[in-house]
Peer 1: 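Below: one structure in structure tokens.
Worth knowing before you read on, the calculation uses all heavy atoms, side chains too, and leaves out hydrogens, waters and symmetry mates.
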Amino acid sequence: MCFVAVGQCINIWSPIKIPNFKIAQRIVCGQNCTFVLTSQGTVLSCGEGNYGRLGHGHSDSLPNLTMISALQGFVITQVSTSVGSDGHSLALTETGEVFSWGDGDFGKLGHGNNERQRKPKLIESLYDVVVVQVACGHKHSAVLSQDGEVYVFGSAEHGKLGLGGYINKKRPTKIVHKGFLNIKYIACGQNHTICIGENVVWAFGEGEGGKLGIGSKTDVYVPQVSICHNL
């Protein structure tokens, strides 16, 4: 498997300089893959190519950073990629559009089906939404709009979509819950989601280990305020 852009599929046991990475403004590491975002808004990737997770239209592994041609012509401001499951990614443009690619199980790519996408595809159902942040979980995804609204899609296991049920969503669906407004930041874990609002933190999904910060270890299916929100 090729995880880093050294031109070979070998393990590296100590830090080495990788000249190709000097173009990087941001680096995002996922499940056996690496993405580089440049200051010009272009995206390159390398690593394991299974399920089309690299975004090049095939499932081949690549030992060298390679530009994702399907995103050329767009200025990308953020890339998020999963660190589990079979690998999926989201890319956000400077004008608020969202592209997704990789494994499509549970509808986590947001295209209305479970099909994999081997190159970035625009999420058309977000056409009227200006997105300002994207986040990938293990089997689910979330995006934040400039109006402070959160849209989720993918697996609803453990309530991690925050929609109050067990039904997977194959297209972005807005979370509607009393007080869940003016969200500023979102983060997705393997089976839970955290959202920061104005002077409040919301959590939902799997509660194992107490990771939701709500004072219990039970699963939560709608946004619930963290008891530590005022720290």
Side-chain angles (χ1 to χ4, degrees), residues 28-33 35 51 53 78-92 98 100-110 114 123 126 129 131-145 147-231:
V28 180
C29 294
Q31 177 82 355
N32 301 337
C33 59
F35 295 91
Y51 304 96
R53 72 183 69 193
Q78 185 199 354
V79 174
S80 179
T81 190
S82 64
V83 293
S85 70
D86 295 321
H88 75 291
S89 301
L90 302 176
L92 174 66
V98 181
S100 65
W101 66 94
D103 179 69
D105 284 352
F106 310 102
K108 60 181 178 277
L109 297 183
N114 296 328
I123 301 180
L126 289 172
V129 179
V131 175
V132 294
Q133 190 203 342
V134 297
C136 290
H138 182 63
K139 298 176 182 177
H140 73 298
S141 306
V143 303
L144 174 65
S145 79
D147 297 323
E149 298 173 326
V150 179
Y151 294 77
V152 290
F153 42 105
S155 170
E157 185 180 18
H158 299 290
K160 58 190 168 187
L161 296 186
L163 299 172
Y166 299 83
I167 301 175
N168 299 338
K169 295 297 182 180
K170 298 179 181 180
R171 287 190 172 88
T173 303
K174 184 170 70 173
I175 298 177
V176 179
H177 183 72
K178 183 179 180 180
F180 190 74
L181 304 167
N182 300 318
I183 303 302
K184 307 299 183 183
Y185 186 83
I186 56 176
C188 294
Q190 180 172 354
N191 285 312
H192 71 299
T193 307
I194 305 292
C195 302
I196 300 176
E198 292 184 353
N199 302 315
V200 65
V201 176
W202 299 87
F204 44 94
E206 184 182 59
E208 183 180 5
K211 58 179 172 276
L212 297 182
I214 60 173
S216 73
K217 299 179 182 180
T218 60
D219 292 356
V220 173
Y221 288 80
V222 295
Q224 184 166 330
V225 176
S226 167
I227 61 174
C228 300
H229 72 274
N230 60 348
L231 296 180

Peer 1: Can you tell me how far NZ of K170 sits from CG of L109, rounded to the nearest 0.5 angstrom?
Peer 2: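 Reported value, rounded in 0.5 Å steps: 12.0 Å.
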Peer 1: Go through the steps for N191 and E157 under the test side-chain contact (heavy atoms from CB on, under 4.5 Å), then give the verdict.
Peer 2: CA-CA 7 Å; N191 285 312; E157 185 180 18; 4.0 Å; yes
Peer 1: Rounded to the nearest 0.5 Å, how far apart are CG of D86 and CG of N32?
Peer 2: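 Output value for this atom pair is 10.5 Å.
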Peer 1: Is the closest side-chain heavy-atom distance between H158 and H192 below 4.5 Å?
Peer 2: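 Of all side-chain heavy-atom pairs linking H192 with H158, none is under 4.5 Å.
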Peer 1: Is there side-chain contact between V129 and S145, with heavy atoms separated by less than 4.5 Å?
Peer 2: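 When only atoms from C-beta onward are counted, S145 and V129 do touch, with a gap below 4.5 Å.
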Peer 1: Quick check on F180: does its CZ atom have over 12 non-hydrogen neighbours (other residues, nucleotides or ligands) under 6.0 Å away?
Peer 2: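 Result for CZ/F180: enclosed.
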Peer 1: So does L90 get a backbone contact from the side chain of W101, meaning a donor-acceptor N/O pair under 3.5 Å?
Peer 2: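 It does not hold such a pair.
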Peer 1: Can you tell which of S82, S100, S141 makes a side chain to side chain contact (heavy atoms under 4.5 Å, CB included) with K108?
Peer 2: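 Only one option passes, and that is S141.
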Peer 1: Would the Y221 and Y166 ring centres measure less than 6.0 Å apart?
Peer 2: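 Yes.
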Peer 1: Please name the pair of heavy atoms, one in N182 and one in D147, separated by the smallest distance, quoted to 0.1 Å.
Peer 2: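 What the structure gives for the nearest pair is OD1-O, 4.5 Å.
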Peer 1: Which heavy atom in S80 sits nearest to a heavy atom in C136, and how many Å separate them?
Peer 2: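 Heavy atoms only, the tightest pair is OG-N, 3.0 Å.
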Peer 1: What are the two closest non-hydrogen atoms of V222 and G164, and how far apart are they?
Peer 2: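 Closest heavy-atom pair between V222 and G164: CG1-CA, 3.6 Å.
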Peer 1: Would K160 and E206 count as a salt bridge (Lys or Arg N to Asp or Glu O under 4.0 Å) if you check the C-alpha gap in whole Å, the side-chain angles of each, and the deciding distance to 0.1 Å?
Peer 2: CA-CA 7 Å; K160 58 190 168 187; E206 184 182 59; over 6 Å; no
Peer 1: Is there a side-chain contact (heavy atoms from CB on, under 4.5 Å) between H140 and T193? Walk through the geometry before answering.
Peer 2: CA-CA 9 Å; H140 73 298; T193 307; 3.0 Å; yes
Peer 1: Considering only heavy atoms from C-beta outward, does the side chain of W202 approach that of S226 to under 4.5 Å?
Peer 2: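 No. Closest side-chain heavy atoms not under 4.5 Å.
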Peer 1: Going by distance alone, is a donor N or O of one side chain under 3.5 Å from an acceptor N or O of the other, for S155 and H138?
Peer 2: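 Side chains of S155 and H138: no pair found under 3.5 Å.
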Peer 1: Check for a donor-acceptor pair, side chain of E198 on one end and backbone N or O of I183 on the other, with a separation under 3.5 Å.
Peer 2: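 Checking the backbone N and O of I183 against the side chain of E198, no donor-acceptor pair under 3.5 Å is found.
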Peer 1: Considering only heavy atoms from C-beta outward, does the side chain of V143 approach that of L126 to under 4.5 Å?
Peer 2: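 Answer yes - side chains close enough.
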Peer 1: With side-chain contact (heavy atoms from CB on, under 4.5 Å) as the criterion, how do S89 and F35 come out once you've worked through the C-alpha distance, each side chain's angles and the decisive distance to 0.1 Å?
Peer 2: CA-CA 10 Å; S89 301; F35 295 91; 3.5 Å; yes
Peer 1: Determine the minimum heavy-atom distance between I123 and P172, stating which atoms define it.
Peer 2: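 Distance-wise, the nearest heavy atoms are CG2-CG, 3.8 Å.
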Peer 1: Does any part of the side chain of C195, heavy atoms only, come nearer than 4.5 Å to the side chain of V201, both counted from C-beta?
Peer 2: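 No. Closest side-chain heavy atoms not under 4.5 Å.
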Peer 1: First locate atom OG1 of T173, then atom CD1 of I167, and finally report the distance between them rounded to the nearest 0.5 Å.
Peer 2: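 If we round to the nearest 0.5 Å, T173:OG1 and I167:CD1 are 10.5 Å apart.
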Peer 1: Look at the side chain of R53 and the backbone N and O of Q31, then say whether any donor-acceptor pair between them is shorter than 3.5 Å.
Peer 2: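 Looks like yes, one N/O pair under 3.5 Å.
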Peer 1: How far does CG of N168 sit from CZ of F106, to the nearest 0.5 angstrom?
Peer 2: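 Reported value, rounded in 0.5 Å steps: 6.5 Å.
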Peer 1: Using a strict cut-off of less than 4.0 Å between a Lys/Arg side-chain nitrogen and an Asp/Glu carboxylate oxygen, indicate whether E208 and K217 qualify as a salt bridge.
Peer 2: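 Answer for the salt bridge query: no.
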Peer 1: So, taking the atom named NZ in K169 and the one named NZ in K174, what distance separates them when rounded to the nearest 0.5 Å?
Peer 2: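 The distance works out to 14.0 Å.
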Peer 1: Does the side-chain contact (heavy atoms from CB on, under 4.5 Å) test come out yes or no for Q133 and I186, once each step is laid out?
Peer 2: CA-CA 8 Å; Q133 190 203 342; I186 56 176; 3.4 Å; yes
Peer 1: So does H88 get a backbone contact from the side chain of T81, meaning a donor-acceptor N/O pair under 3.5 Å?
Peer 2: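 Indeed, once roles are kept as given, a pair shorter than 3.5 Å links the two residues.
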Peer 1: Taking F204 as the fixed residue, which of D219, I194, I175, L212 is the one that meets the side chain to side chain contact (heavy atoms under 4.5 Å, CB included) rule?
Peer 2: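 When D219, I194, I175, L212 are each tested with F204, the side chain to side chain contact (heavy atoms under 4.5 Å, CB included) holds only for I175.
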